[in-house]
Structures are given as structure tokens and as C-alpha cells.
**Q** 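Following this message is one structure expressed as C-alpha cells.
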Amino acid sequence: MTERLDYFSAGLTILYSLYIAVIRLFRLYRPPRLYLSQPAYVGAPSWLPARHILLWLWGVLCTLLYLGHVTYLSLTPRFDYSYNIAANVIVGMIHNLLWTAYSFRASGLRRFDYRERNYVPPYGWKPAAFALTSMAVMMLEVNDFPPWRRVIDAHALWHLSTVPLTWLWYKFLAQDATDSGWNSGSLPPQKALLD
């Protein structure tokens, strides 16, 4: 039972990372309004549904995918390790590819509401470094080897390698969240309306 919960929580973490990446990179979040008279969503193409509808649909899709994944793994007589690894690797690769696109000007992503479309911040290399490094160390999880001297095996090295990766990713997220591109700079802070 605890083994399955371990795999289910790992899958949920990977899928939630993809969920947040899509929201951040495709700007499905609700931007703050400076005045009540300002429309809640500005600049979206007219053919697209409102951002809140896209966000809701994306959330429903991720929820259904996760429930289907857990249901399949729970109802099979034996836990399907190959399917579980494949599903998590695919979701993780999509997540990594999206964040790698963040690092390159030519990706067409608009990273911040108040910067030009092709602006890449000075720390913009970090998502690509994280993605490449995490894909490299993922090989420890996928290509297992017997324990060396009965102490160190691939799974232990995988967990050890996630420590610096977590630090690198956290530093990037903190820099991204505090970038001046989130601030219009056109109004003093006391004039801004907080939703």
C-alpha cells in the first residue's frame, strides 16, 4: 500500500508541475487589475475563450488524467511499473521541454506581462539547465543497476541528485516571481488595487 502511495504521490507531483508550467508559460493565471474599470483580461486573441475557461478546462483535464492513471494502476492485478515509469517520464519531458522553451528568445513565449515579447531575463538559462540536468539524472531512475558494495544503487543516487536540483529550481522560481516584468511601474503602489 505505501509503495503505491509513493508512486501515486510522485506522479501527482510531476503532473502538478506540468499543470503549473502551462498556467505560467501560457499566461492562464488571472492578471491583477490596477483599477476596477480595467478589464480583467487584456490582450488575449478574440478567438480564444476567456482565460478562466481555459484554466478550468486545463485543470479538469489534468484531474481526469491523474484519476485515470491511479485507477488503472489500482485495478490491475499487479502494479504496472513500466506503464507508471513511461507515464511519468512523458509528463516530465513535456514539463522540461516547456521550461526549456522559456530559456530561448525564439520560442515565442511572452514571459512577463510588462516586458517585450522576446525578453529573456538574465537568469533565463536556469530552466534549460534544470531540464537538461534533470533529464540526465533521470537515467539513474530508469536504468537501475545493482548496489555498489551493497550501499549505493541507482535509486539512492537519484534521490541524492534531486537535492541540488531542488535548490536550483527554487532559486529560479524565486527570481521569476520577483522579476520587475510583473510590475507595470506606471502607478505608485498605494494606487494599485489588490484583487
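In what follows, every heavy atom counts, from backbone to side chain, and hydrogens, waters and symmetry copies are set aside.
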**Q** Cluster question for you: counting only ILVMFWY and a side-chain heavy-atom cut-off of under 4.5 Å, with indirect links fine, are Ile85 and Leu15 together?
**A**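 Ile85 and Leu15: one cluster.
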
**Q** Give the ring-plane orientation class for Trp99 versus Trp169, where under 30° counts as parallel, over 60° as perpendicular and anything between as tilted.
**A**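 Rings of Trp99 and Trp169: perpendicular, over 60°.
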
**Q** By salt bridge (Lys or Arg N to Asp or Glu O under 4.0 Å), which residues pair with Arg24, not counting sequence neighbours?
**A**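 In terms of salt bridge (Lys or Arg N to Asp or Glu O under 4.0 Å), with neighbours along the sequence ignored, Arg24 is linked to Asp176.
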
**Q** Show your working on side-chain contact (heavy atoms from CB on, under 4.5 Å) between His95 and Ile14 and close with a plain yes or no.
**A** CA-CA 8 Å; His95 170 265; Ile14 294 166; 5.9 Å; no

**Q** When you compare the side chain of Trp148 with that of Leu157, does any pair of heavy atoms fall below 4.5 Å?
**A**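 Leu157 does not reach Trp148 side chain to side chain.
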
**Q** Out of Ile94, Ile90, Ile23, which one pairs with Leu18 under the side chain to side chain contact (heavy atoms under 4.5 Å, CB included) rule?
**A**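 Of the listed options, the one satisfying the test is Ile94.
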
**Q** Please say yes or no: joined through hydrophobic side-chain contacts below 4.5 Å, possibly via intermediate residues, are Leu12 and Tyr81 part of one cluster?
**A**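 Looking at the clustering, Tyr81 is in the same group as Leu12.
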
**Q** Distance-only, no hydrogens or angles: does the Ser161 side chain make a donor-acceptor pair with backbone N or O of Val137 under 3.5 Å?
**A**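 Here the side-chain-to-backbone pair does not exist.
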
**Q** So Asn84 and His69, do their side chains get closer than 4.5 Å, heavy atoms only?
**A**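 Yes, their side chains come closer than 4.5 Å.
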
**Q** Between the side chains of Tyr7 and Asn88, does any donor sit under 3.5 Å from an acceptor?
**A**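 Distance-only check fails for Tyr7 and Asn88.
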
**Q** Is any side-chain heavy atom of Phe130 less than 4.5 Å from a side-chain heavy atom of Phe172?
**A**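 Side chain of Phe130 against side chain of Phe172, heavy atoms only: no contact under 4.5 Å found.
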
**Q** Just so I know, are the side chains of Arg4 and Leu73 near enough to count as touching, which here means a heavy-atom distance under 4.5 Å?
**A**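 When only atoms from C-beta onward are counted, Leu73 and Arg4 do not touch, as no gap falls below 4.5 Å.
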
**Q** Parallel, tilted or perpendicular: which one describes the rings of Trp58 and Tyr19, with boundaries at 30° and 60°?
**A**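 Trp58 and Tyr19: parallel rings.
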
**Q** Would you kindly confirm whether Leu61 and Leu97 end up in one hydrophobic cluster when ILVMFWY residues are joined by side chain heavy atoms under 4.5 Å apart?
**A**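 They do not share one cluster, since no chain of ILVMFWY contacts under 4.5 Å joins Leu61 to Leu97.
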
**Q** Does NZ or CZ of Arg111 lie under 6.0 Å from the centre of the six-membered ring of Tyr102, at an angle within 45° of the ring axis?
**A**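 Checked: cation-pi criterion met.
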
**Q** Of all the heavy-atom pairs spanning Leu98 and Leu25, show the shortest one and how long it is.
**A**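 Looks like O-CD1, 3.4 Å.
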
**Q** Return the minimal non-hydrogen interatomic distance between Ala131 and Thr100, and the atom names on each side.
**A**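 Minimum heavy-atom contact is CB-OG1, 3.2 Å.
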
**Q** Kindly check if the number of other-residue, nucleotide or ligand heavy atoms within 6.0 Å of CZ (Phe145) is above 12?
**A**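 Result for CZ/Phe145: enclosed.
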
**Q** Tell me the closest heavy-atom pair linking Ala154 and Leu140, and the distance in Å.
**A**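 Nearest heavy atoms, Ala154 then Leu140: CB-O, 3.1 Å.
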
**Q** May I ask you to check whether over 12 heavy atoms, not counting those of Tyr170, lie within 6.0 Å of atom OH?
**A**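 No.
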
**Q** Does any part of the side chain of Leu64, heavy atoms only, come nearer than 4.5 Å to the side chain of Val60, both counted from C-beta?
**A**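 Yes, side chains in contact.
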
**Q** How many angstroms lie between CG in Leu28 and CD1 in Ile20, if you round to the nearest 0.5 Å?
**A**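 With rounding to 0.5 Å, CG (Leu28) is 10.5 Å from CD1 (Ile20).
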
**Q** Check whether Val91 and Met139 end up in the same hydrophobic cluster, where Ile, Leu, Val, Met, Phe, Trp and Tyr are linked by side-chain heavy atoms less than 4.5 Å apart.
**A**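 Each belongs to a different hydrophobic cluster.
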
**Q** Not counting sequence neighbours, which residues clear ring-ring contact (aromatic ring centres under 6.0 Å, His included) with Tyr66? List them please.
**A**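 Scan of Tyr66 (ring-ring contact (aromatic ring centres under 6.0 Å, His included), adjacent residues dropped) gives none.
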
**Q** Should Val120 and Phe104 count as side-chain neighbours, where that means a heavy-atom distance under 4.5 Å?
**A**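 The answer is no; the side chains never approach within 4.5 Å.
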
**Q** I would like to know whether Leu109 and Phe26 meet side-chain contact (heavy atoms from CB on, under 4.5 Å); could you show each step before the answer?
**A** CA-CA 8 Å; Leu109 291 172; Phe26 295 105; 4.2 Å; yes

**Q** To the nearest 0.5 Å, what is the distance between CG (Leu57) and SG (Cys62)?
**A**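 The SG atom of Cys62 is 11.0 Å from CG of Leu57, to the nearest 0.5 Å.
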
